[in-house]
Amino acid sequence: MLKDHFRPQSFNGIDDIVIVGGGLAGLFCALKLAPRPVTILAAAPIGHGASSAWAQGGIAAAMSPGDTFEKHVADTVTAGAGIVDEKMTRMMVAEGPARIHDLLEYGVPFDRDLEGKLLLSREAAHSERRIVRVRGDMAGKAIMEALIAAVRRTPSIRIIEGYVVEELVREGRFISGVVARPDAGQSKTRVSFPARAVVLCSGGIGHLYAVTTNPWEACGQGVGMAARAGAIIADPEFVQFHPTAINIGKDPAPLATEALRGDGAVLVNSAGHRFMLDIHPDGELAPRDIVSRGVFAEVQAGRGAFLDCTKAVGKHFPEMFPTVYASCLAASIDPVTQPIPVVPAVHYHMGGVLTDGQGRTSIDGLWAAGEVTSTGVHGANRLASNSLLEAVVFAARIAESIKGTLPAPKLTEWGDDAGENDDPVTVEDSPPFKVLRSLMSECVGVVRTRESLTRAIREIAALERANNRLRFANIITTAKLIAVAALQRTESRGGHFRADCPSERPEWQRRTYLTLAQAERLAAEVAETEPA
Ligand SMILES: Cc1cc2nc3c(=O)[nH]c(=O)nc-3n(C[C@H](O)[C@H](O)[C@H](O)COP(=O)(O)OP(=O)(O)OC[C@H]3O[C@@H](n4cnc5c(N)ncnc54)[C@H](O)[C@@H]3O)c2cc1C
């Protein structure tokens, strides 16, 4: 797993900066920090195990002649359902074009027109054409290929692949390093990496749920680790479901990109009825959470849901959407002539580790970027293609922040750590993990109620009592934070829908801030007061 030419001789010295995760946020931050020495620790080989490589749409940036930063901010604020942090959003949007130029310099082959100008396309809920893409649905793959090549050319960046970080080490006020388990988390030995600064870029939480579009490495370890180290977590209850994951029993579920609906594909049930027209005037182009609930209701009722692209895309499917086409063919579905079976799947986490405009968390020495964070720019519902933008803008801001100031860590004994109290685990295959994923989908999913959330919190506590392994503890901590925050928020807003409180409530027009200690207290109250 570990490439020999990157194998370090010894980890006993102090690494300058350790970045946890080799997706877009981690790689971009490392490049921006160059020539400062950086070590990237990644659970999977770089380019694998990262949502970034799977992005099909592209990156949003206000760059077309008719577009303005104000319009991009306004669309983001509207999508976020009343709790977007406008200051952070303004910052992100204003720096978008410069970060797109950085990506071009690193070699990303964004699509251009015959005059060489960037081609900008439009996605749902964007009022202008502002998505930069690569060859239809290949943006993520192309961006990652270019950045991986740039990182490999940069001598100051050391890449260590197959190391699963299990713990952020806190000494007093500071995070002073991390502890990781080699061999994709299978080694019996753990390795310590003392560092002057740690940047958490470990991605999302999709695999906490039974149906997701995310790679399995996105199972919420980063949020859990940070919460266990004492960091404040923001908005954990806001989970975005993609309405059209391809329902062919694959884990993770392949995605049928939103652009298909943008191009006129329609959603029908097994009787051929176009059910979204009964639910919202915009039909298939209604906000993602509304379409997800529409699809969910059809699937729950046993009627099934299908994305019919036969008329809108038809024979152009293979060249227009090569990734989706390949996924369909692998399941013996020809989307040129057949409707695609779809199901909502966990796609993106709006919540995460609370960070400020410099990507600083609430603990000294710990920065965070990308999907693991909650910067406030997504509010209760992410605007499509804003997540890759957020990853690059805040990764670059972190590099500036770390260049300017460094905490001085108080170091105690560091070295290889046998991890005697913890067996290596294959998290994705373990029975408790499977139980947790089903529980989250059933009780903390597209539609939630007080009853389902109370049940989730009780069963999470039981799973936690029966399984004290460190990696599982990180994962289950994140599940607990999501369930507790979802129970607390007695309203429906954006990605969080409560069937027992189906409307927005003005008193809840605010973000959630939660520490693990607070979540533990609330979970204990549920155990004491709610009937089993
Ligand atoms: C199918 C799909 C399509 C998408 N399309 C778009 C799109 O078109 N536009 C858009 O803006 N967004 C899109 N998104 C969302 C976007 O891709 C992600 O939000 C973004 O890529 C996250 O980047 P990241 O660097 O934070 O995380 P990732 O790219 O997921 O990288 C996380 C890294 O952390 C590593 N890691 C995780 N845990 C550990 C650990 N414990 N120790 C060490 N390493 C660890 C992983 O192996 C990986 O290297 C899409 C997501 C999916 C799944």
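Not measured: the values here are computed from a predicted model.
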*Asks:* If we only count heavy atoms from C-beta on, is the Tyr325 to Asp334 side-chain gap below 4.5 Å?
*Replies:*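 Touching, per the 4.5 Å side-chain cut-off.
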
*Asks:* Between Arg397 (side chain only) and Gly359 (backbone N and O only), is there a donor and an acceptor less than 3.5 Å apart?
*Replies:*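 Not a single qualifying donor-acceptor pair exists.
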
*Asks:* May I ask you to decide if the ring planes of Phe241 and Tyr209 are parallel, tilted or perpendicular, using 30° and 60° as cut-offs?
*Replies:*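 Correct class here is perpendicular.
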
*Asks:* What's the spacing between Leu41 CG and Arg158 CZ if we round to 0.5 Å?
*Replies:*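 Reported to 0.5 Å precision, the distance equals 8.0 Å.
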
*Asks:* Is there a donor-acceptor contact under 3.5 Å from the side chain of Arg437 to the main chain of Ala210?
*Replies:*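 Side chain of Arg437 to backbone of Ala210: a pair is present.
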
*Asks:* Show your reasoning for whether side chain to side chain contact (heavy atoms under 4.5 Å, CB included) applies to Trp54 and Asn214.
*Replies:* CA-CA 8 Å; Trp54 295 2; Asn214 294 186; 5.6 Å; no

*Asks:* Is the closest side-chain donor-acceptor distance between Arg133 and Ser121 under 3.5 Å?
*Replies:*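 Yes - a donor-acceptor pair under 3.5 Å links their side chains.
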
*Asks:* With a 6.0 Å cut-off (strictly less than), is the heavy-atom count around NZ of Lys141, excluding the residue itself, greater than 12?
*Replies:*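 Check fails, neighbour count at 12 or below.
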
*Asks:* State the CD-CG distance between Glu284 and Leu260, to the nearest 0.5 angstrom.
*Replies:*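 So the CD of Glu284 and the CG of Leu260 are separated by 12.0 Å.
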
*Asks:* Do Thr373 and Phe394 come close enough that some side-chain heavy atom pair is under 4.5 Å?
*Replies:*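 Side-chain contact under 4.5 Å: no.
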
*Asks:* Ignoring hydrogens and angles, state whether a donor on the side chain of His378 or Gln240 is under 3.5 Å from an acceptor on the partner side chain.
*Replies:*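 Per modelled atom types, His378 and Gln240 side chains form no pair under 3.5 Å.
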
*Asks:* Tell me whether Ser385 contacts the main-chain N or O of Gly58 through its side chain, where contact means a donor paired with an acceptor under 3.5 Å.
*Replies:*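 Present.
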
*Asks:* How far apart are the C-alpha atoms of Asp235 and Arg511, what are their side-chain angles, what is the distance that settles it, and do they pass the salt bridge (charged side-chain N to carboxylate O under 4.0 Å, His left out) test?
*Replies:* CA-CA 6 Å; Asp235 300 337; Arg511 299 181 65 198; 2.9 Å; yes

*Asks:* Looking only at heavy atoms, what is the nearest atom pair of Ile398 and Ala369, with distance?
*Replies:*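 That would be CD1-CB, 3.5 Å.
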
*Asks:* Does any part of the side chain of Ile159, heavy atoms only, come nearer than 4.5 Å to the side chain of Val151, both counted from C-beta?
*Replies:*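 When only atoms from C-beta onward are counted, Ile159 and Val151 do touch, with a gap below 4.5 Å.
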
*Asks:* Consider only side-chain N and O atoms of Arg360 and Ser401, and report whether a donor and an acceptor are under 3.5 Å apart.
*Replies:*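 No.
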
*Asks:* For Ile40 and Gly22, which heavy atoms make the closest approach, and how far apart are they?
*Replies:*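 Minimum heavy-atom separation between Ile40 and Gly22: CG2-CA, 4.1 Å.
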
*Asks:* Take His242 and Arg288 through the side chain to side chain contact (heavy atoms under 4.5 Å, CB included) test and state the conclusion after the steps.
*Replies:* CA-CA 7 Å; His242 197 291; Arg288 250 183 204 179; 3.9 Å; yes

*Asks:* With side chains defined as the heavy atoms from C-beta onward, is the minimum distance between Ile143 and Ser52 less than 4.5 Å?
*Replies:*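 No, side chains not in contact.
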
*Asks:* Set out, in order, the CA-CA distance, both residues' side-chain angles and the distance that settles side chain to side chain contact (heavy atoms under 4.5 Å, CB included) for Phe497 and Asp289, then state yes or no.
*Replies:* CA-CA 9 Å; Phe497 183 79; Asp289 56 306; over 6 Å; no

*Asks:* State, yes or no, whether a side-chain contact exists between Leu208 and Val346 at a heavy-atom distance under 4.5 Å.
*Replies:*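 A side-chain contact is absent here, since even the closest heavy-atom pair is not under 4.5 Å.
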
*Asks:* Are the side chain of Lys87 and the backbone of Gly357 linked by a donor-acceptor contact shorter than 3.5 Å?
*Replies:*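 Absent.
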
*Asks:* Quick one: does Asp67's side chain get under 4.5 Å of Arg129's, heavy atoms only?
*Replies:*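 Result no, sub-4.5 Å side-chain heavy-atom pair not found.
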
*Asks:* Determine the minimum heavy-atom distance between Pro252 and Pro215, stating which atoms define it.
*Replies:*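 Between these two residues, the closest heavy atoms are CG-CA, 4.2 Å.
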
*Asks:* Quick check: closest heavy atoms across Ala368 and Thr355, and the distance to 0.1 Å?
*Replies:*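 That closest heavy-atom pairing would be O-CG2, 3.7 Å.
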
*Asks:* I'd like to know whether Glu115 forms a salt bridge (charged side-chain N to carboxylate O under 4.0 Å, His left out) with Lys117, so could you lay out the CA-CA distance, the side-chain angles of the two residues, the decisive distance to 0.1 Å, and finally the verdict.
*Replies:* CA-CA 6 Å; Glu115 291 174 2; Lys117 292 198 199 104; 2.6 Å; yes

*Asks:* Side chains of Ile233 and Val353: does their closest heavy-atom pair fall under 4.5 Å?
*Replies:*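 Ile233 reaches Val353 side chain to side chain.
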
*Asks:* Using only heavy-atom distances, determine whether the side chains of Gln56 and Thr323 contain a donor-acceptor pair under 3.5 Å.
*Replies:*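 Judged by distance alone, the side chains do not pair up.
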
*Asks:* Which distance, rounded to the nearest 0.5 Å, do you find between the CZ of Phe433 and the CD1 of Ile476?
*Replies:*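 Answer for the CZ-CD1 pair, Phe433 versus Ile476, is 10.0 Å.
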
*Asks:* Could you tell me whether the side chain of Ser292 and the main chain of Pro344 form a donor-acceptor pair under 3.5 Å?
*Replies:*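 Side chain of Ser292 to backbone of Pro344: no pair is present.
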
*Asks:* Can you name the closest pair of heavy atoms from Val291 and Ala286 and give their distance?
*Replies:*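 Nearest pair, atom of Val291 first, then Ala286: CG2-O, 3.3 Å.
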
*Asks:* Indicate yes or no for a side-chain donor-acceptor contact from Ser362 to the backbone of Ile232 under 3.5 Å, with no hydrogens or angles considered.
*Replies:*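 Yes, because the side chain of Ser362 sits within donor-acceptor range (under 3.5 Å) of the backbone of Ile232.
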
*Asks:* Let me confirm one number: the CZ-CG distance from Arg152 to Leu27, rounded to the nearest 0.5 Å.
*Replies:*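 Reported value, rounded in 0.5 Å steps: 9.0 Å.
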
*Asks:* Looking at His349 and Pro236, would you say the former's side chain and the latter's main chain have a donor-acceptor pair under 3.5 Å?
*Replies:*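 Flag set: sc His349 to bb Pro236 pair under 3.5 Å.
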
*Asks:* Roughly how far, to the nearest 0.5 Å, is OG1 of Thr76 from CG of Asp85?
*Replies:*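 Separation between the atoms: 12.0 Å.
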
*Asks:* Under a plain distance cut-off of 3.5 Å, with no hydrogens placed, do Ser51 and Glu371 share a side-chain donor-acceptor pair?
*Replies:*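 Checked: Glu371/Ser51 side chains show no N/O donor-acceptor pair below 3.5 Å.
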
*Asks:* Kindly say whether Ala94 contributes a backbone atom to a donor-acceptor pair with the side chain of Arg90 at under 3.5 angstrom?
*Replies:*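 No, Arg90 side chain to Ala94 backbone: no donor-acceptor pair under 3.5 Å.
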
*Asks:* Can you find a heavy atom in the side chain of Val324 that is under 4.5 Å from one in the side chain of Ile246?
*Replies:*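 When only atoms from C-beta onward are counted, Ile246 and Val324 do touch, with a gap below 4.5 Å.
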
*Asks:* Under the 3.5 angstrom rule, does the side chain of Thr89 hit a backbone N or O of Val73 as a donor-acceptor pair?
*Replies:*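 Side chain of Thr89 to backbone of Val73, a donor-acceptor pair under 3.5 Å: no, none is there.
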
*Asks:* Is the closest side-chain donor-acceptor distance between Thr213 and His347 under 3.5 Å?
*Replies:*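 Per modelled atom types, Thr213 and His347 side chains form a pair under 3.5 Å.
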
*Asks:* Is the backbone N or O of Leu366 less than 3.5 Å from a side-chain atom of Thr361, with the two atoms forming a donor-acceptor pair by type?
*Replies:*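 Judged by distance alone, yes, a pair lies under 3.5 Å.
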
*Asks:* Give the C-alpha distance, both sets of side-chain angles, the deciding distance and a yes or no for side chain to side chain contact (heavy atoms under 4.5 Å, CB included) between Asn247 and Phe306.
*Replies:* CA-CA 9 Å; Asn247 191 9; Phe306 302 83; over 6 Å; no

*Asks:* Tell me the closest heavy-atom pair linking Ala53 and Gly47, and the distance in Å.
*Replies:*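 Looking at all heavy atoms of both residues, the closest pair is CB-O, 3.7 Å.
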
*Asks:* Between OH of Tyr106 and NZ of Lys32, what distance do you get to the nearest 0.5 Å?
*Replies:*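 So the gap between those two atoms works out to 4.5 Å.
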
